[in-house]
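This report refers to the structure that appears directly beneath it.
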Number of protein chains: 2
Amino acid sequence: MHPLRRVRIQPDMDFEKRLEWFRNECAAAGLPCTHQREVLYRALVEAKDHPSPEMLYERVKRKIPSISLGTVYRNIKIFLDHGLIGEVSLHHGSLRLEANNEPHHHLVCRHCRKMFDLPAAGVHAIRLRRALPEGFQVERFVVEAHGLCQECAAPKKRRSN
Amino acid sequence: MHPLRRVRIQPDMDFEKRLEWFRNECAAAGLPCTHQREVLYRALVEAKDHPSPEMLYERVKRKIPSISLGTVYRNIKIFLDHGLIGEVSLHHGSLRLEANNEPHHHLVCRHCRKMFDLPAAGVHAIRLRRALPEGFQVERFVVEAHGLCQECAAPKKRRSN
DNA sequence: TTATTAGATGAGAATTATTACTATCTTGTC
DNA sequence: GACAAGATAGTAATAATTCTCATCTAATAA
């Protein structure tokens with residue numbers, strides 16, 4: 001259902017190709033492919049960091065000085081909803097805390113953002129260290145399983161949702 | 001250096017034991033062990049969900065009606081700094097985005113919150129599914145390596161930091 | 001126990017992040 | 001080119017977090 005799952009973009013795909021893909025996705029989703037959306041999408045594709053909405057706004061404003069921050073937020077949400085881009089890690093809107101210090105991982109619902117603990121037992125150690133950039137001192141690995149919880153996955157029959 | 005690494009709290013440790021540990025940690029860190037801090041810590045230990053500062057504030061207010069939200073935030077930050085509690089997933093303050101749809105993971109500096117990509121190649125598949133709660137539909141696993149990047153790990157000799 | 005003092009607290013202002021509202025403007029279609 | 005659905009800019013409103021500062025309290029020494 002999500003485009004990223006439907007069509008795999010190749011890493012070496014140049015921007016023109018990606019843009020074409022983007023336009024097709026918009027058309028398929030019934031979304032007008034506005035100039036603002038194209039420029040925003042381009043900024044996302046070209047970003048090597050993991051920009052925040054504010055950072056994107058700054059970049060896009062160089063191309064479209066009149067663009068509004070609201071447009072950036074609105075379209076980011078739309079892109080995410082349609083799987084055109086991804087969130088680096090699910091953002092809960094506010095800080096979330098725990099005193100549980102047993103090794104464990106998390107299950108996060110991408111819709112309601114509810115979180116569940118998962119005991120670390122059974123999750124095998126991750127061998128990643130050799131891939132790490134110079135000087136980064138890893139203290140722990142956290143595994144997050146992203147998906148839909150039972151409630152959010154349920155077809156919204158009866159009641160509203 | 002961090003207490004959670006220095007002393008391992010046992011899962012079956014009752015609250016009195018934890019509180020004693022907490023007091024020792026405070027003393028060791030030169031932190032006055034105020035009533036507010038104890039009540040806040042207790043609320044964290046007893047929480048089964050992954051509360052936000054606001055949620056904690058609501059709970060703690062039942063015990064100390066005069067407590068202020070600022071105190072909750074201030075102490076949460078202190079507890080985190082001293083490793084007395086943990087963040088469920090590193091909170092970036094704002095949404096962070098990426099158009100990179102190649103399978104990859106992230107390296108996050110717990111100090112400056114900078115993020116680096118890690119190719120997924122080499123990270124072996126995680127076998128976790130049998131541990132999942134009923135009905136949760138996992139779409140992807142995200143591995144985050146938390147630690148300190150080179151800059152933040154560097155001893156703050158010369159220059160300020 | 002009291003005096004001392006570093007550091008904590010509560011209250012509210014200030015900032016930052018995000019969403020909502022609305023009059024106008026564009027895209028896609030006919 | 002005209003139309004309708006939906007998008008945009010600008011601004012107001014809300015949520016999340018931090019800051020400021022005048023008191024107050026925990027920890028220590030007398």
Side-chain angles (χ1 to χ4, degrees), chain A residues 19-20 22-41 43 50-82 84-85 87-97 113, chain B residues 19-20 22-41 43 50-82 84-85 87-97 113:
Chain A
L19 184 56
E20 190 188 325
F22 176 78
R23 286 177 174 146
N24 287 338
E25 289 299 324
C26 284
L31 294 171
C33 189
T34 64
H35 182 47
Q36 284 85 339
R37 281 180 182 154
E38 287 193 5
V39 172
L40 183 55
Y41 182 67
H50 303 84
S52 65
E54 189 74 35
M55 289 157 82
L56 283 169
Y57 174 58
E58 291 306 325
R59 293 171 200 184
V60 167
K61 232 181 358 184
R62 291 184 214 135
K63 299 287 176 59
I64 310 175
S66 68
I67 200 169
S68 75
L69 184 54
T71 294
V72 173
Y73 270 100
R74 192 172 352 97
N75 284 314
I76 282 171
K77 189 174 276 187
I78 289 167
F79 291 179
L80 286 172
D81 284 348
H82 289 267
L84 299 171
I85 60 171
E87 253 183 276
V88 167
S89 60
L90 294 189
H91 186 248
H92 308 113
S94 68
L95 191 58
R96 295 307 186 81
L97 307 156
R113 306 279 152 131
Chain B
L19 184 56
E20 190 188 324
F22 176 76
R23 286 177 175 145
N24 288 337
E25 289 300 325
C26 284
L31 294 171
C33 187
T34 65
H35 182 47
Q36 284 84 340
R37 281 180 181 153
E38 287 192 5
V39 172
L40 183 55
Y41 182 67
H50 302 83
S52 64
E54 189 75 34
M55 289 157 81
L56 283 169
Y57 174 58
E58 291 305 325
R59 293 170 200 184
V60 167
K61 234 185 349 188
R62 289 183 214 137
K63 297 289 176 57
I64 310 177
S66 67
I67 200 169
S68 76
L69 185 55
T71 294
V72 172
Y73 268 100
R74 191 169 352 98
N75 284 314
I76 283 171
K77 188 175 273 184
I78 289 167
F79 291 178
L80 286 171
D81 285 348
H82 289 268
L84 300 172
I85 61 171
E87 252 184 277
V88 166
S89 60
L90 293 189
H91 186 246
H92 308 113
S94 68
L95 192 58
R96 295 306 186 82
L97 306 156
R113 307 279 152 132

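Every chain is numbered from 1, with letters handed out A, B, ... down the list of sequences. Note that the coordinates shown come from a computational prediction; the quantities given were computed from them, not determined experimentally.
Taking OH of Tyr57(B) as the start and CG of Leu40(B) as the end, the distance is 12.5 Å to the nearest 0.5 Å. Atom CD1 of Ile78(A) sits about 4.5 Å away from atom CZ of Arg37(A), to the nearest 0.5 Å.
As judged by a 4.0 angstrom heavy-atom cut-off over every strand, Arg74(B) is placed among the base-contacting residues. Across all strands shown, His91(A) has heavy atoms under 4.0 Å from sugar-phosphate atoms exclusively, and none from any base. Residue Leu69(B) is in base contact, counting any heavy-atom pair closer than 4.0 Å across all strands shown.
Residue Tyr73(A) places none of its side-chain N or O atoms closer than 4.0 Å to OP1 or OP2 of dT19(C). The side chain of Thr34(B) places no N or O atom within less than 4.0 Å of a non-bridging phosphate oxygen (OP1 or OP2) of dA8(C).
For residues 60-67 of chain B, proximity to DNA chain D is found at no residue, defined as any non-hydrogen atom under 4.0 angstrom from a strand atom.
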Show the numbers, then the answer: is there a side chain to side chain contact (heavy atoms under 4.5 Å, CB included) between Ser66(A) and Lys61(A)? CA-CA 7 Å; Ser66(A) 68; Lys61(A) 232 181 358 184; over 6 Å; no
Report the C-alpha distance between Leu19(A) and Arg23(A) in whole Å, list the side-chain angles of each, state the deciding distance to 0.1 Å, and finish with yes or no for side chain to side chain contact (heavy atoms under 4.5 Å, CB included). CA-CA 6 Å; Leu19(A) 184 56; Arg23(A) 286 177 174 146; 3.6 Å; yes
Please step through side chain to side chain contact (heavy atoms under 4.5 Å, CB included) for the pair Leu97(B) and Val88(A), ending with a clear verdict. CA-CA 5 Å; Leu97(B) 306 156; Val88(A) 167; 5.9 Å; no
Would you sort out whether Gln36(B) and Val60(B) count as a side chain to side chain contact (heavy atoms under 4.5 Å, CB included), showing the intermediate values? CA-CA 8 Å; Gln36(B) 284 84 340; Val60(B) 167; over 6 Å; no
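Ranked by how close their nearest DNA chain C nucleotide is to the 5' end, Leu95(B) and Asn75(B) are led by Asn75(B). Each of Gln36(A) and Cys33(B) was matched to the nucleotide of DNA chain D holding its nearest heavy atom; the match closer to the 5' end belongs to Gln36(A). With the nearest nucleotide of DNA chain C identified for both Gly30(B) and Pro53(A), Gly30(B) has the one nearer the 5' end. Taking the nucleotide of DNA chain D with the nearest heavy atom to each of Leu31(B) and Ser94(A), the more 5' of the two is matched to Ser94(A).
Summarising the geometry, the separation between CG on Leu40(B) and P on dA8(C) is reported as 14 Å, rounded to the nearest angstrom. Separating the CD1 atom of Ile78(B) from the P atom of dA6(C) is a distance of 17 Å, rounded to the nearest angstrom.
The aromatic rings of Phe79(B) and Phe22(B) stand perpendicular to each other, their planes meeting at an angle above 60°, with 30° marking the opposite boundary.
Taking the ring centroids of His91(A) and His91(B), they lie under the 6.0 Å cut-off.
Side-chain contact check for Pro51(B) versus Arg96(A): every heavy-atom pair is 4.5 Å or farther apart. Put simply, the side chain of His92(B) reaches to within 4.5 Å of the side chain of Ser89(A), judged on heavy atoms.
Each end of the helix from dT1(C)-dA30(D) to dC30(C)-dG1(D) gets its own axis, taken as the rotation carrying the C1' atoms of four end pairs onto the next four within a five-pair window, and the two axes meet at 40° to the nearest 10 degrees.
Closest approach of Ile76(B) and Ile85(B) over heavy atoms only: O-CD1, 4.2 Å.
With distances taken from any side-chain atom of Pro32(B) to the nucleotides dA8(C), dT19(C), dT27(C), the minimum falls on dA8(C).
Once you apply a 4.0 Å limit to the heavy atoms of chain A, the touched nucleotides of DNA chain D run 5' to 3' over dG6(D) to dT17(D).
Around atom CD of Glu58(A), more than 12 heavy atoms belonging to other residues, nucleotides or ligands sit under 6.0 Å away.
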